[in-house]
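I have placed the structure first, in the form of structure tokens, so that the comments after it can refer back to it.
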Number of protein chains: 4
Amino acid sequence: MQYENQRPIYIQLMELIKKEIAMGKWKVEEKMPSTREMAKIAQVNPNTVSRVYALLEQDGFLTTRRGLGTYVSNNIDKEKLKKEIVYKRIEKFLADVLFLGFSEQEICQMILEKKGGF
Amino acid sequence: MQYENQRPIYIQLMELIKKEIAMGKWKVEEKMPSTREMAKIAQVNPNTVSRVYALLEQDGFLTTRRGLGTYVSNNIDKEKLKKEIVYKRIEKFLADVLFLGFSEQEICQMILEKKGGF
Amino acid sequence: MQYENQRPIYIQLMELIKKEIAMGKWKVEEKMPSTREMAKIAQVNPNTVSRVYALLEQDGFLTTRRGLGTYVSNNIDKEKLKKEIVYKRIEKFLADVLFLGFSEQEICQMILEKKGGF
Amino acid sequence: MQYENQRPIYIQLMELIKKEIAMGKWKVEEKMPSTREMAKIAQVNPNTVSRVYALLEQDGFLTTRRGLGTYVSNNIDKEKLKKEIVYKRIEKFLADVLFLGFSEQEICQMILEKKGGF
DNA sequence: GTGGTCTAGACCACT
DNA sequence: GTGGTCTAGACCACG
């Protein structure tokens with residue numbers, strides 16, 4: 001994985017894992033890779049993974065069982081999660097872009113045009 | 001003004017001024033307050049204002065005239081810049097969000113729904 | 001049974017069994033379930049039960065008889081132990097709490113109030 | 001300061017600072033020692049202080065201002081804080097001790113006796 | 001100088 | 001082997 005330099009790695013990794021859960025890469029009740037394994041996969045320090053797992057637990061996505069491992073929480077509504085993520089992005093995107101004087105309609109037009117390539 | 005704690009103050013101030021220019025608070029070719037004045041207005045360190053002005057100049061919103069002060073750039077640059085910025089944002093946004101399995105149409109639908117508030 | 005995630009399971013199980021002994025679920029001189037049985041009942045690893053039984057024996061609540069099993073200790077030891085434990089807890093508790101400027105009388109008042117629920 | 005070995009240092013330091021705020025050692029709106037200073041005072045690693053400050057901010061006790069420092073939040077009701085701490089301790093203490101079969105009255109009696117020394 | 005992030009490496013408690 | 005804690009030391013963005 002490639003990390004941008006702007007936002008902290010642990011935030012990027014957190015959002016990546018959220019996305020992956022939303023997309024079904026990690027199933028409910030399934031064991032996540034151990035912190036050390038994930039550290040290798042994600043190419044970061046195990047402590048960073050620890051932090052990410054802790055935050056995801058705080059947010060209700062993961063559950064840790066001492067001495068056993070970290071598991072995907074069983075009370076996650078994947079669809080809800082996906083929508084949540086998308087809405088958050090939209091909100092941020094619009095905040096970024098509306099003040100430049102384009103309307104939502106114009107923005108949407110540009111998005112649909114883009115399909116053909118700028 | 002109140003600043004959040006999450007994003008750096010200079011970013012928040014920069015976006016505020018952009019918005020104010022877009023909304024006509026600072027007119028084209030008009031002189032901006034000096035860094036020290038703006039520092040008082042915005043309740044930040046003068047160094048922070050310097051930084052903000054420099055970044056806004058880099059983005060084409062402001063123009064510095066030595067010994068005279070900082071002025072709002074003329075319209076043409078702005079329009080060009082706006083489109084450029086919007087396109088860049090859209091590209092990044094779509095890359096982030098299409099990945100979750102929503103189509104451009106669905107995204108646009110959500111954006112337009114959002115106008116009514118989530 | 002549900003275990004919290006904060007404190008180690010073996011502590012939670014230990015306190016549960018203590019409570020159960022105090023409340024008469026396991027009678028004095030009665031045989032406790034074997035570690036394997038208890039492991040099934042308590043839904044934990046047999047090793048964890050071993051550890052718990054060992055600690056409870058150390059505290060005088062249980063007695064192991066080789067080849068026979070683990071039994072609830074006789075009453076006398078228990079009473080003695082209880083007072084000892086309580087005194088120790090009180091001492092620690094007061095050290096923690098008097099420091100904040102409350103007197104013993106105030107503390108007691110709060111404790112008695114608490115019976116009605118905070 | 002002496003740390004027990006049972007609970008993590010960052011928890012102990014967090015509770016200590018809470019107590020100190022409650023007792024007025026650190027006044028409202030006052031700047032806390034920098035993480036590095038506090039690290040020396042508390043004889044721990046600066047990262048540990050960071051963690052403590054972050055948690056205390058999460059709980060609303062502290063406010064960090066980027067590049068400036070960490071400050072005691074201005075919306076703290078010290079008396080309320082003190083009571084909160086004491087109540088928490090009482091709750092934990094009683095949970096520990098009631099199951100041994102003593103009533104609240106007996107506990108209080110022991111506490112008041114203790115004043116004269118066990 | 002301030003807090004924030006990250007790494008490497010260590011030790012520990014838990015299962 | 002698992003997560004949790006802690007240290008030492010580094011680098012960076014911020015004001």
Side-chain angles (χ1 to χ4, degrees), chain A residues 3 5-14 31-39 42-57 62-71, chain B residues 3 5-13 35 39 42-52 55, chain C residues 3 5-14 39 42-52 55, chain D residues 3 5-14 31-39 42-57 62-71:
Chain A
Y3 297 100
N5 204 8
Q6 294 247 357
R7 293 177 309 150
I9 291 179
Y10 77 90
I11 297 280
Q12 297 179 54
L13 182 54
M14 193 173 76
K31 188 176 177 305
M32 294 291 291
S34 77
T35 49
R36 292 157 175 84
E37 281 171 348
M38 181 59 95
Q43 309 222 37
V44 296
N45 186 288
N47 282 332
T48 305
V49 177
S50 256
R51 185 177 189 171
V52 170
Y53 278 7
L55 286 169
L56 286 171
E57 180 168 20
L62 300 180
T63 308
T64 70
R65 299 181 190 144
R66 303 183 66 149
L68 295 176
T70 303
Y71 296 77
Chain B
Y3 297 98
N5 199 13
Q6 293 238 356
R7 293 178 306 152
I9 289 179
Y10 80 91
I11 296 279
Q12 298 179 54
L13 181 55
T35 50
Q43 306 217 34
V44 298
N45 191 298
N47 287 332
T48 305
V49 177
S50 283
R51 187 177 198 169
V52 169
L55 285 168
Chain C
Y3 297 100
N5 199 12
Q6 293 238 354
R7 293 176 308 151
I9 289 180
Y10 80 91
I11 296 280
Q12 296 179 54
L13 180 56
M14 195 172 78
Q43 307 218 33
V44 297
N45 190 300
N47 288 332
T48 306
V49 177
S50 283
R51 186 177 195 170
V52 169
L55 285 169
Chain D
Y3 296 101
N5 205 7
Q6 295 246 355
R7 292 177 309 151
I9 290 179
Y10 78 90
I11 297 280
Q12 297 178 55
L13 181 55
M14 193 173 75
K31 188 175 176 307
M32 294 291 291
S34 78
T35 50
R36 292 157 173 83
E37 282 170 349
M38 181 58 95
Q43 308 221 36
V44 296
N45 187 288
N47 282 331
T48 305
V49 177
S50 255
R51 185 177 192 171
V52 170
Y53 277 8
L55 286 168
L56 287 171
E57 180 169 19
L62 300 181
T63 307
T64 71
R65 297 182 193 145
R66 302 183 68 149
L68 295 176
T70 302
Y71 296 77

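- A straight line from CE of A:Met38 to C1' of F:dT2 spans 15 Å, rounded to a whole angstrom.
- At least one side-chain heavy atom of A:Tyr53 sits less than 4.5 Å from a side-chain heavy atom of A:Pro33.
- Atom CG of A:Asn45 and atom P of E:dG4 are 19 Å apart (whole Å).
- As judged by a 4.0 angstrom heavy-atom cut-off over every strand, B:Val44 is placed among residues making no nucleic acid contact.
- For A:Arg36 against F:dG3, a side-chain N or O and a base N or O form a donor-acceptor pair under 3.5 Å.
- Taking only side-chain atoms of D:Arg66, from C-beta outward, the nucleotide of F:dG15, F:dG4, F:dT7 with the closest atom is F:dG15.
- In terms of phosphate contacts, A:Thr70 brings a side-chain nitrogen or oxygen within less than 4.0 Å of OP1 or OP2 of F:dG3.
- Of all nucleotides present, only E:dA8 satisfies the Watson-Crick or G-U wobble test against F:dT7, with each distance under 3.5 Å.
- Between the OG1 atom in D:Thr64 and the OH atom in D:Tyr71 there is a gap of 10.5 Å [rounded to 0.5 Å].
- In this entry the distance linking OH of D:Tyr3 with C1' of F:dT7 reads 14 Å, nearest Å.
- In this structure, the separation between CD1 on A:Ile11 and CZ on A:Arg51 is 7.5 Å, given to the nearest 0.5 Å.
- Look at B:Tyr10 and you won't find any side-chain N or O under 4.0 angstrom from OP1 or OP2 of F:dG15.
- Of all non-hydrogen atoms in D:Arg7 and D:Gln12, the two that sit nearest each other are O-NE2, 2.6 Å.
- E:dA8 atom C1' lies 16 Å from atom CD of A:Gln43, rounded to whole Å.
- For A:Asn47 against F:dG3, a side-chain-to-base donor-acceptor contact under 3.5 Å is absent.
- Side-chain nitrogen and oxygen atoms of D:Ser34 include none within less than 4.0 Å of the OP1 or OP2 phosphate oxygen of E:dG1.
- Between A:Leu56 atom CG and F:dG3 atom C1' there is a gap of 15 Å when expressed in whole angstrom units.
- Going from atom CD1 of A:Ile9 over to atom P of E:dA8 covers 11 Å, rounded to whole Å.
- Atom-to-atom, CZ of A:Arg7 to C1' of F:dA13 comes out at 16 Å; the value is rounded to the nearest Å.
- For the OP1/OP2 pair of F:dT5 and a distance below 4.0 Å, the side-chain nitrogens and oxygens of D:Arg51 include at least one atom meeting the criterion.
- B:Ile9 pairs in a side chain to side chain contact (heavy atoms under 4.5 Å, CB included) with only one of the listed residues (B:Asn45, B:Val44, B:Val52), which is B:Val44.
- Regarding contacts with the backbone of E:dC6, every side-chain N or O of A:Thr48 stays at 4.0 angstrom or more from both OP1 and OP2.
- Each of A:Pro46 and D:Thr64 lies near DNA chain E, and the nucleotide nearest D:Thr64 is the one positioned closer to the 5' end.
- Between D:Leu68 atom CG and E:dT2 atom C1' the separation is 8 Å, expressed in whole Å.
- Nearest-nucleotide positions on DNA chain E place D:Tyr53 closer to the 5' end than the other of A:Ile11 and D:Tyr53.
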